[in-house]
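Sequence positions, counted from 1, serve as the residue numbers for this chain. For the numbers below, each heavy atom of this structure counts, side chains included, while hydrogens, waters and symmetry mates do not. None of these values were measured; they are calculated from a predicted model.
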Amino acid sequence: MQRFVEKRGNALRLTVPRPLKVYAPADDLNRLFDELVGGQAISDRDSVAKEFPSLQKLFARLIIEGRAQLNFTAPLPILGQEFHVPFAYRNGVLNLVKPQRFSQNATHQALSLAIQGDLIHKHEIDRNLNPRPVVVSKFPEDCHSGLISHVDDLFAEYSVTHVQHRDIGAFAQQIESEAHA
């Protein structure tokens with residue numbers, strides 16, 4: 001293994017292999033893949049607060065008021081996985097709000113989220129809640145507008161609501177007026 005590491009070193013800095021205990025291999029591999037290949041994964045509260053501070057503040061208040069939930073998890077039929085979102089609110093349906101920082105490899109990230117959202121939508125995981133995935137995106141400053149348009153089209157095709165970072169203010173106002181207990 002050490003010889004392999006020595007031969008394959010390039011843009012990635014490889015360290016000496018060492019034993020490691022893993023409790024949730026699939027989750028860890030997905031998280032590592034997102035971080036290394038698909039841009040930064042946003043999963044913890046600190047990252048969301050840094051990348052999407054207005055959403056963090058809004059939902060912190062709505063949670064106190066009893067009009068939103070933190071850290072909601074929905075089952076993903078067929079895949080046998082779970083869809084985790086930091087925020088959820090109701091306005092007749094349960095909106096599963098997933099902030100996502102996209103990289104230049106946005107198509108792969110968006111496709112994964114779109115398929116997950118489509119499974120939630122098609123299989124109606126809870127008829128009483130009628131969950132609807134909402135991806136709030138942030139793209140790199142130098143991102144080509146064609147890529148953003150492509151991601152928009154992809155989400156529309158799979159029944160996933162897409163809110164671009166520039167539209168967060170209007171989205172926050174909509175949440176403020178519609179969210180209920």
Side-chain angles (χ1 to χ4, degrees), residues 11-12 26-64 67-74 76 79 81-91 93-121 131-179:
L12 294 177
D27 292 340
D28 290 342
L29 284 174
N30 286 333
R31 182 184 52 77
L32 285 170
F33 180 84
D34 285 341
E35 287 178 13
L36 295 174
V37 178
Q40 279 186 304
I42 296 179
S43 58
D44 64 2
R45 198 169 70 195
D46 293 336
S47 295
V48 172
K50 179 182 173 192
E51 296 286 341
F52 301 90
S54 59
L55 276 183
Q56 178 68 32
K57 289 176 188 172
L58 171 65
F59 277 98
R61 187 173 46 75
L62 291 176
I63 288 162
I64 292 170
R67 300 193 298 149
Q69 293 176 264
L70 274 182
N71 300 321
F72 188 87
T73 301
L76 288 170
L79 294 178
Q81 298 174 349
E82 294 180 327
F83 186 70
H84 302 282
V85 295
F87 312 117
Y89 73 96
R90 289 185 175 87
N91 65 348
V93 299
L94 179 65
N95 295 275
L96 307 175
V97 181
K98 173 104 174 144
Q100 179 70 42
R101 184 174 191 266
F102 286 98
S103 67
Q104 295 294 347
N105 187 20
T107 301
H108 176 74
Q109 292 171 285
L111 182 60
S112 176
L113 288 170
I115 290 170
Q116 292 172 3
D118 191 50
L119 287 172
I120 290 169
H121 179 73
R132 181 178 69 179
V134 179
V135 175
V136 180
S137 65
K138 186 171 187 180
F139 290 87
E141 298 280 331
D142 60 345
C143 188
H144 187 270
S145 62
L147 178 62
I148 297 171
S149 177
H150 180 67
V151 168
D152 271 336
D153 294 343
L154 185 60
F155 283 140
E157 184 69 25
Y158 285 93
S159 305
V160 174
T161 302
H162 180 214
V163 177
Q164 292 184 35
H165 193 263
R166 67 172 189 246
D167 300 324
I168 286 180
F171 180 58
Q173 288 177 347
Q174 177 184 350
I175 294 170
E176 180 68 47
S177 67
E178 295 178 356

Practice problem: Using the side chain to side chain contact (heavy atoms under 4.5 Å, CB included) rule, take L62 and F87 through it: C-alpha gap first, then chi angles, then the decisive distance, then the call. | Solution: CA-CA 10 Å; L62 291 176; F87 312 117; over 6 Å; no

Quiz prompt | Nearest heavy atoms of F83 and K98, plus distance in Å | solution = CZ-CD, 4.2 Å

Quiz item: Below 4.5 Å, heavy atoms only, C-beta onward: do E51 and Q56 meet side chain to side chain?
Solution: no

Report all side-chain donor-acceptor pairs from residues 158-171 shorter than 3.5 Å, counting only partners two or more places apart or in another chain.
residue: H162; atom: ND1; partner: D152; partner atom: OD1; Å: 2.4
residue: H162; atom: NE2; partner: S137; partner atom: OG; Å: 2.6
residue: Q164; atom: OE1; partner: R166; partner atom: NH1; Å: 2.8
residue: Q164; atom: NE2; partner: D152; partner atom: OD2; Å: 2.9

Quiz item: Looking only at heavy atoms, what is the nearest atom pair of Q116 and L76, with distance?
Solution: O-CD2, 3.5 Å

Exercise. Check whether any side-chain heavy atom of L58 sits under 4.5 Å from a side-chain heavy atom of Y89, and report yes or no.
Key: no

Exercise. Any chance you could measure R61, atom CZ, to I64, atom CD1, to the nearest 0.5 Å?
Key: 9.0 Å

Quiz item: Within a strict 4.5 Å, meaning less than it, do heavy atoms of the N95 and E178 side chains meet?
Solution: no

Quiz item: Just how far is it from atom CZ of R67 to atom CG of N91, taken to the nearest 0.5 Å?
Solution: 11.0 Å

Self-check item: Heavy-atom pair of closest approach, residues P99 and L55
Solution: CG-CD1, 4.4 Å

Quiz item: Shortest non-hydrogen contact from A88 to F72?
Solution: CB-CB, 3.9 Å

Self-check item: Contact summary for A106 and L147, nearest pair of heavy atoms
Solution: CB-CD2, 3.9 Å

Self-check item: Taking every non-hydrogen atom, the tightest pair across T107 and L154
Solution: O-CD2, 4.1 Å

Quiz prompt | pair V97-F59: side-chain heavy atoms closer than 4.5 Å | solution = yes

Practice problem: Might you work through the side chain to side chain contact (heavy atoms under 4.5 Å, CB included) test for K50 and R101, ending with a clear yes or no? | Solution: CA-CA 11 Å; K50 179 182 173 192; R101 184 174 191 266; over 6 Å; no

Quiz item: Taking side chain as C-beta onward, heavy atoms only, is C143 less than 4.5 Å from I148?
Solution: yes

